[in-house]
Amino acid sequence: MPVVGLLDQRSPDELADRLRGFRQGLKDSDFVEGQNVAIDYRWAQNKEDRLPELAADLVRRRVAVIAATGGTAVAFAAKAATTTIPIVFTVGEDPVRLGLVASLAQPGGNLTGINFLVGELSAKRLELLRALVPATTRVVVLVNPANTTTTETTLRDVQSAARAMGLQIQVLNASTSREIDAAFATIVRERPDALFVGNDAFFNARRVQLALLAGRHGVPAILSDREYAEAGGLMTYGSNIVDVYRQVGVYAGRILKGAKPADLPVVQSTKFELVINAQTARMLGLTVPPTLLATADEVIE
């Protein structure tokens, strides 16, 4: 029975829907866990420094393919661990610019994967935030300095979009739960109009904390992952992340059947979803415009 190694920097209880998507993708390629394929999971439990050893462990296990999910740090850890075992990654930035692949159409080497277009959507998130909170002029941008690559991309794109929209940006950093608390203490003191949270696996893992703090302090906030809105957050806009994981499963299955990563084009997300938590909007005293309600993929009541 072939073995697929799945490497992620979070924990499995945070990714139930995504893992279902991954297994569905394998099934779409005629592989069912426990029947004709095994999945060997490696979880970093939100400790990024564990990723290199976990990746090396999968290499020692001689898995047939590594699914490196959860962003650039995971992709680079897998890439550093092997030049021969096929790797299917998920990243929010351009994988060519990152140096993961030679080109989107012909990746070359042993890596391919899915690009879920984080940077390209930053301007759209700011537009949606101002559509819901029209008086917005000052926005705090929360980023994780430990995730250097994603943070640089986020700040570049957000600052460019903010200038075009006439918005003032204040950048706050957080890479631990305690630093998120400290960031909100600054937010309470400075009283910005809204909060833009950068796309980051750590922030996704801390979505309940972010939703609770934003609600408690009356701060309208937008994230990329729909799980934030499901956890009580106001609004999310981003790639359909369950479909991203399904596509990883499809590619892993195709590689098990003999396809080479070098010949599998990098997939760019085409499914995006806007999720609005109407109950949270009412709690914050916001009226969701009919145009937003009409375009939302899901409205949580």
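In this text the structure is predicted, and so the values were computed from the model without any measurement.
Checking Thr186 against Glu190 by side-chain atom types alone, no donor-acceptor pair falls below 3.5 Å. For the 3.5 Å distance criterion, the side chains of Ser103 and Gln106 fail to qualify, holding no donor opposite an acceptor. Judged by distance alone, the side chains of Gln209 and Ser177 do bring a donor and an acceptor atom under 3.5 Å apart.
Taking both residues in full, the closest heavy atoms of Ala205 and Arg10 are given as CB-CG, 4.3 Å, listed atom of the first, atom of the second, then distance. Here the closest heavy-atom approach between residue Asp49 and residue Pro52 is recorded as O-CD, 3.5 Å. Taking all atoms of both residues into account, the shortest heavy-atom contact from Leu264 to Pro107 is O-CG, 3.1 Å. Scanning all heavy atoms of the two residues, the minimum distance from Ser29 to Arg254 falls at OG-N, 4.1 Å. Here the closest non-hydrogen pair linking Leu58 and Gly5 is CD2-CA, 3.9 Å. The nearest pair of heavy atoms linking Ala231 to Ala211 is O-CB, 3.8 Å.
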Inset, instruction - Carefully, step by step, assess Asp181 and Arg178 under the rule salt bridge (Lys or Arg N to Asp or Glu O under 4.0 Å). - result: CA-CA 5 Å; Asp181 288 335; Arg178 186 171 295 178; over 6 Å; no

Inset, instruction - Would you sort out whether Ile187 and His217 count as a side chain to side chain contact (heavy atoms under 4.5 Å, CB included), showing the intermediate values? - result: CA-CA 9 Å; Ile187 289 169; His217 299 299; 5.9 Å; no

Inset, instruction - List the steps and the verdict of salt bridge (Lys or Arg N to Asp or Glu O under 4.0 Å) for Arg18 and Glu227. - result: CA-CA 10 Å; Arg18 302 182 187 202; Glu227 292 101 330; 2.9 Å; yes

Inset, instruction - Go through the steps to decide whether Leu212 and Phe184 satisfy the test side chain to side chain contact (heavy atoms under 4.5 Å, CB included), and finish with yes or no. - result: CA-CA 11 Å; Leu212 286 173; Phe184 269 89; over 6 Å; no

Inset, instruction - Report the C-alpha distance between Leu210 and Leu142 in whole Å, list the side-chain angles of each, state the deciding distance to 0.1 Å, and finish with yes or no for side chain to side chain contact (heavy atoms under 4.5 Å, CB included). - result: CA-CA 11 Å; Leu210 288 165; Leu142 184 65; 4.0 Å; yes

Inset, instruction - List the steps and the verdict of side chain to side chain contact (heavy atoms under 4.5 Å, CB included) for Leu98 and Phe76. - result: CA-CA 9 Å; Leu98 292 175; Phe76 280 120; 4.1 Å; yes

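Under a hydrophobic-cluster definition in which Ile, Leu, Val, Met, Phe, Trp and Tyr are linked whenever side-chain heavy atoms come within less than 4.5 Å, directly or via other members, Phe22 and Leu54 are assigned to different clusters. Grouping the Ile, Leu, Val, Met, Phe, Trp and Tyr side chains by contacts below 4.5 angstrom, directly or via other members, places Val197 apart from Val141. Under the 4.5 Å side-chain heavy-atom criterion for Ile, Leu, Val, Met, Phe, Trp and Tyr, Val266 and Val96 are members of the same hydrophobic cluster. Two different hydrophobic clusters hold Leu195 and Val158 under the rule that ILVMFWY side chains link at heavy-atom gaps under 4.5 Å. With hydrophobic clusters built from ILVMFWY side chains whose heavy atoms lie under 4.5 angstrom apart, Leu19 does not share a cluster with Phe89.
Exactly one of Val63, Val3, Leu6 qualifies for a side-chain contact (heavy atoms from CB on, under 4.5 Å) with Ile39. That residue is Leu6. Just one of Asn144, Thr154, Thr150 meets the side chain to side chain donor-acceptor pair (under 3.5 Å) condition when paired with Asp200; it is Asn144. Considering Asn204, Thr151, Asp225 in turn, Asp225 is the only one that fulfils the side-chain contact (heavy atoms from CB on, under 4.5 Å) rule with Asn199.
Taking CG of Leu117 as the reference point, atom CD of Glu93 lies at 10.5 Å (rounded to 0.5 Å). In this structure, CD on Glu152 lies 11.5 Å from CG on Asp157, to the nearest 0.5 angstrom. With values rounded to the nearest 0.5 angstrom, Ile169 atom CD1 is found 9.0 Å from Leu155 atom CG. How far OH of Tyr245 is from CZ of Arg20: 13.5 Å, rounded to the nearest 0.5 Å. Rounded to the nearest 0.5 angstrom, Thr149 OG1 and Asp94 CG are separated by 12.0 Å. In this structure, CZ in Phe272 is found 10.5 Å from CG in Asp243, a value given to the nearest 0.5 Å.
When the shell of 6.0 Å around NZ of Lys257 is examined, it contains more than 12 heavy atoms from other residues, nucleotides or ligands. The local environment of CZ in Arg60 is crowded, with over 12 non-hydrogen atoms from other residues, nucleotides or ligands closer than 6.0 Å. The number of heavy-atom neighbours closer than 6.0 Å to CD of Gln170, taken from other residues, nucleotides and ligands shown, is above 12.
Ile114 places a side-chain heavy atom less than 4.5 Å from the side chain of Ser269. Side-chain contact between Leu15 and Trp43 is present, with heavy atoms from C-beta onward closer than 4.5 Å. Contact annotation: the side chain of Ser122 approaches that of Phe196 to within less than 4.5 Å [non-hydrogen atoms, C-beta and beyond]. Two residues are said to be in side-chain contact when any heavy atoms from C-beta on lie closer than 4.5 Å; Leu234 and Leu286 meet this criterion. In this structure, Arg97 and Thr153 have side chains that are in contact, with non-hydrogen atoms separated by less than 4.5 Å. Under the 4.5 Å side-chain criterion, counting only non-hydrogen atoms from C-beta, Pro95 is in contact with Leu104. Within the 4.5 Å cutoff, side-chain heavy atoms of Pro289 are placed close to those of Leu132. At a threshold of 4.5 Å between non-hydrogen side-chain atoms, the residues Asp8 and Tyr41 do not count as touching.
Side-chain N or O atoms of Thr82 include one that pairs as donor or acceptor with a backbone N or O of Thr84 at under 3.5 Å. Within the 3.5 Å criterion, the main-chain N or O of Val32 finds a donor-acceptor partner in the side chain of Asn36. A donor-acceptor pair under 3.5 Å is formed between the side chain of Arg130 and the backbone N or O of Met165. A donor-acceptor pair under 3.5 Å is absent between the side-chain atoms of Asp28 and the main chain of Gly253, judged by distance alone. Distance alone, capped at 3.5 Å, is enough to place a donor-acceptor pair between the Thr90 side chain and the Gly70 backbone. When atom types are taken as modelled, the side chain of Arg138 and the backbone of Arg191 share a donor-acceptor pair closer than 3.5 angstrom.
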Give the table of side-chain donor-acceptor pairs shorter than 3.5 Å for residues 290-301, with sequence neighbours excluded, one pair per line with atom names and distance.
residue, atom, partner, partner atom, Å
Thr295, OG1, Thr291, O, 3.1
Thr295, OG1, Leu292, O, 3.1
Asp297, OD2, Leu274, N, 2.7
Glu298, OE1, Arg226, NH2, 2.1
Glu301, OE1, Arg282, NH1, 3.3

